[in-house]
Amino acid sequence: MKLNRPRGTRDFLPGENAKRWYAESALRRVAECWGYSEIKTPTFEHVELFTIKSGEGILGEIYNFRDKGDREVALRPELTAPVMRLYVEELQKAPKPLRFYYCENCFRYENPQKGRFREFWQFGVEAIGSARPEADAEVIALAVEMLGSLGITGDLHVGHLGIIRHLLRELGSEQQSRILRLVDKKDDKGLESYLNDINAGDSLSASLFHLVGLRGGTAIDEARSIVGDIEAIAQLDSILKLLDAYGVEYTVDFGIARGLDYYTGMVFEIYGENLGAQNQVCGGGSYRLAHLFGGEDIPSTGYAIGFDRVMEILDVSIPKRLTAAVIYFEDTRTEAIQVARKLRKHVPAYLDIMGRKFKDQLSFASASGAAYAVIVGKTELDEGKLTLKNMLTKEQEKLTLEQVIERITAASQQV
RNA sequence: GCCCGAGUAGGGUAGUGGUUAUCCUAAAGGACUGUGGAUCCUUUGACUCGGGUUCGAAUCCCGACUCGGGCCCCA
């Protein structure tokens, strides 16, 4: 019986993996430059960490199981909750703000399709401790710059849940989240009938539909005309001014609700192109979670980049490192090993492990894309030298080991 | 959970009811003793799985699984 990988998982071969490594490094570099530090959390957590804020309903989308100690645990479906758990557990008294980033695999039991897998990677950022517009703007600007470092210019939409929540303040929190969910889905019909069901009133319905349809340059002023001069609008206004200072282009969009209950203020999403139905490459906002995990209430802002979706639209070719094939004979094996050991301090080098004859070693070097063959033979050794062969030009000459290293390192710096 | 499409050696494919399943490529070995990509030869390797129809199924039917795309969902 032939085994294959579980549904919704992927193998990454060297070519693809190199690309992912490149992209991750680029994102990591930007995050570090902005003063964010990497953290890691466990691959699995107690299942309550994920059900506490979202209810038992999410269990259908989670990989959860009972361990041998009869603990109910789950593979993490996302990283915001684990990071906040880490914060509550270890860092509540640390100087604020805390700036963290992570790049980890997450697991969701969902039907795979384009840009959606059961094991997927999120590159995320959380800024903990500030509710100020400066924090929100910084986080958005960082998201844009991260994607920009990969040559991706997405379509950034920014909204603020404080405004819609203000409009709905008379309603219970149950009803509020139901409405936010419908707004997030852009399900106008469902929203209309739900508003009818709860007797929301014509004026509220009209205001709501007007608000969530607002986009672009005049949206803020129009929102102000609907809900008045409230704090949330002033906050969003400040965020936008800061974004202008960051040189970030955005579209104001009051239709963004995010499917999550815990977002409280600013929310944003970035959409990519050519991604089919799953076109959101980044999403986030400001939220309050710490109190749910037994900590003191603290404001945070963060986002997650859908790393796999970024990889779908990323167009780079990774240059291969120059590699040297050390070619030897039956009677020069030990010398060849010494040569390889020295070469490896400077360039990638490998030896034959298939017991191949000279000619077939060369042939493999060629097939595997080695840039150089370093031939360790009796005739060379007698002169204290090696033969360096350039596999592309087919030129070769006898050189000392030091000269060989010099040649190859010089060449690899040109790549 | 639902809908549509697709599954033939490692990769790419031909085969629409009838001998031993086609071809390309790949891999391993050889022709070739210290100079690679060519050529030739040998070898390896497949009908996704399970039922059904039939004298006979890779082929037709049903189901499952996997893949691709979409819906639902997306904390």
Side-chain angles (χ1 to χ4, degrees), chain A residues 1-11 13 45 47-62 74 76-84 106-118 120 122 124 177 180-182 184-187 190 257-263 267 269 275-280 283-285 287 289 292 302-304 306 309 312 325 327-332 352 354-381 386-398:
Chain A
M1 173 175 171
K2 189 175 172 184
L3 293 175
N4 43 26
R5 75 186 86 88
R7 181 170 171 79
T9 63
R10 291 157 295 161
D11 297 310
L13 273 47
E45 299 265 4
V47 75
E48 297 82 41
L49 180 64
F50 306 112
T51 52
I52 232 170
K53 62 174 181 178
S54 317
E56 303 284 322
I58 59 149
L59 284 177
E61 290 148 30
I62 261 183
R76 57 177 170 230
E78 54 118 11
L79 279 140
T80 302
V83 170
M84 290 316 291
C106 302
F107 308 84
R108 292 184 193 177
Y109 195 85
E110 292 186 298
N111 212 350
Q113 55 183 271
K114 189 177 179 67
R116 171 181 286 187
F117 307 93
R118 289 187 172 176
F120 60 98
Q122 281 195 342
S177 23
L180 286 176
R181 211 162 272 265
L182 290 165
D184 183 50
K185 282 196 276 188
K186 317 244 180 283
D187 181 1
R258 313 281 300 150
L260 279 172
D261 288 346
Y262 61 75
Y263 285 107
V267 283
E269 296 181 342
L275 279 170
Q278 313 297 328
N279 69 339
Q280 191 185 314
Y287 57 88
L289 269 179
L292 290 177
Y303 63 82
R309 295 182 188 171
E312 289 266 330
I327 292 178
Y328 62 93
F329 302 88
E330 196 63 35
D331 56 354
T332 60
D352 173 62
M354 296 286 282
R356 286 196 172 109
K357 287 178 287 191
F358 177 81
K359 186 169 180 161
D360 290 328
Q361 288 186 42
L362 255 188
S363 179
F364 177 75
S366 172
S368 68
Y372 292 95
V374 176
I375 300 168
V376 185
K378 209 72 196 156
T379 51
E380 285 87 351
L381 290 176
L386 305 163
T387 294
L388 176 67
K389 182 180 179 93
N390 181 320
M391 295 301 284
L392 259 186
T393 64
K394 303 184 182 187
E395 287 162 6
Q396 63 181 53
E397 59 183 310
K398 283 186 188 167

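No hydrogens, no waters, no symmetry mates; every other heavy atom, side chains included, goes into these values. We name chains A, B, ... by the order of the sequence lines, and we start the count at 1 in each one.
Between the side chain of A/Arg118 and the backbone N or O of A/Pro112, no donor-acceptor pair lies under 3.5 Å. Under a 3.5 Å cut-off, the side chain of A/Ser368 and the backbone N or O of A/Phe364 do form a donor-acceptor pair. Between the side chain of A/Arg5 and the backbone N or O of A/Arg10, no donor-acceptor pair lies under 3.5 Å. Between the A/Arg76 side chain and the A/Phe107 main chain, no donor and acceptor come within less than 3.5 Å of each other.
Taking atom CG of A/Asn4 as the reference point, atom C1' of B/A64 lies 14 Å away to the nearest angstrom. Across the protein-nucleic acid pair, A/Gln361 atom CD and B/C32 atom C1' stand 15 Å apart, rounded to whole Å. A/Lys114 has its NZ atom 13 Å from the P atom of B/C71, to the nearest Å. Remark: P of B/G5 and CG of A/Asn111 are 16 Å apart, rounded to the nearest angstrom. A/Asp11 places its CG atom 15 Å from the C1' atom of B/G11, with the value rounded to the nearest Å. Taking atom CG of residue A/Asp360 and atom C1' of nucleotide B/C32, one finds them 9 Å apart after rounding to whole Å. Summarising the geometry, the separation between CD on A/Gln113 and C1' on B/C4 is reported as 13 Å, rounded to the nearest angstrom. Separating the CE atom of A/Met391 from the P atom of B/G36 is a distance of 9 Å, rounded to the nearest angstrom.
Within the 4.0 angstrom heavy-atom criterion, base atoms lie near A/Gln396. Counting any heavy atom pair closer than 4.0 Å across all strands shown, A/Arg76 reaches no nucleic acid atom. Base engagement by A/Thr379 is indicated by at least one non-hydrogen atom pair under 4.0 Å involving a base atom. Across all strands shown, A/Ile327 has no heavy atoms under 4.0 Å from either base or sugar-phosphate atoms. Backbone-only contact: A/Gly8 has heavy atoms under 4.0 Å from sugar-phosphate atoms and none from a base. Residue contacts shown for A/Phe364 are absent, as no nucleic acid heavy atom lies under 4.0 Å away. Residue-level contact check: A/Lys394 touches the bases, meaning some heavy atom is under 4.0 Å from a base atom.
In terms of position on RNA chain B, the residue among A/Arg108 and A/Gly355 whose nearest nucleotide sits closer to the 5' end is A/Gly355. Of the residues near RNA chain B, A/Glu110 and A/Pro6, the one whose nearest nucleotide (by heavy atom distance) lies more toward the 5' end is A/Pro6.
Ring pair A/Tyr287/A/Tyr263 is perpendicular by interplanar angle, where above 60° counts as perpendicular and below 30° as parallel.
Side-chain contact, A/Gln396 with A/Thr387: no donor N or O sits under 3.5 Å from an acceptor N or O.
Contact annotation: A/Arg7 side-chain N/O to B/C65 OP1/OP2 distance is not under 4.0 Å. Taking 4.0 angstrom as the limit, A/Lys357 places none of its side-chain polar atoms (N or O) nearer than this to OP1 or OP2 of B/A28. The phosphate of B/G29 has OP1 or OP2 within less than 4.0 Å of a side-chain N or O from A/Arg356. At least one side-chain nitrogen or oxygen of A/Lys359 sits closer than 4.0 Å to the OP1 or OP2 atom of B/G36.
Considering CG of A/Leu362 and CE of A/Met391, their distance stands at 5.5 Å, rounded to 0.5 Å.
Across all strands shown, B/C60 pairs with B/G52; the Watson-Crick or G-U wobble distances both stay below 3.5 Å. Within the shown strands, B/A26 is the pairing partner of B/U44 under the Watson-Crick or G-U definition, both distances less than 3.5 Å. Judged by Watson-Crick or G-U wobble contacts below 3.5 Å, the nucleotide B/U39 has B/A31 as its partner. Nucleotide B/G1 forms a pair with B/C71, judged by Watson-Crick or G-U wobble geometry with both contacts under 3.5 Å. B/G7: Watson-Crick or G-U partner is B/C65, with both key distances under 3.5 Å.
The C1' atoms of B/G15 and B/A46 are separated by 13 Å, rounded to the nearest whole Å. Here the separation of B/G50 from B/A58, taken at their C1' atoms, is 16 Å to the nearest Å. For the C1' atom pair drawn from B/G45 and B/U22, the interatomic distance equals 15 Å after rounding to whole Å. Taking atom P in both B/U16 and B/U53, one finds a spacing of 24 Å when rounded to whole Å. Between B/C47 and B/U59, the distance separating the two C1' atoms is 10 Å to the nearest Å. Using atom P as the reference point in both B/G52 and B/U19, the two lie 23 Å apart (nearest Å). Atom name P, nucleotides B/G37 and B/U43: the rounded distance is 23 Å, in whole Å. Taking the C1' atoms as reference points, B/A64 lies 22 Å from B/C72, given to the whole Å.
Between the base of B/U35 and the side chain of A/Lys389 there is a donor-acceptor pair shorter than 3.5 Å. Counting distance only, with no hydrogens placed and no angle test, the side-chain atoms of A/Ser366 and the base atoms of B/G36 include a donor-acceptor pair under 3.5 Å. With hydrogens and angles left out, the side chain of A/Glu380 and the base of B/G34 share a donor-acceptor pair within 3.5 Å. A donor and an acceptor atom never sit less than 3.5 Å apart when one is taken from the side chain of A/Arg10 and the other from the base of B/C67.
Atom CZ of A/Phe329 is surrounded by more than 12 heavy atoms from other residues, nucleotides or ligands within 6.0 Å.
Between B/U35, B/C73, B/A28, one nucleotide has an atom nearer to the side chain of A/Leu362 than all others, and that is B/U35.
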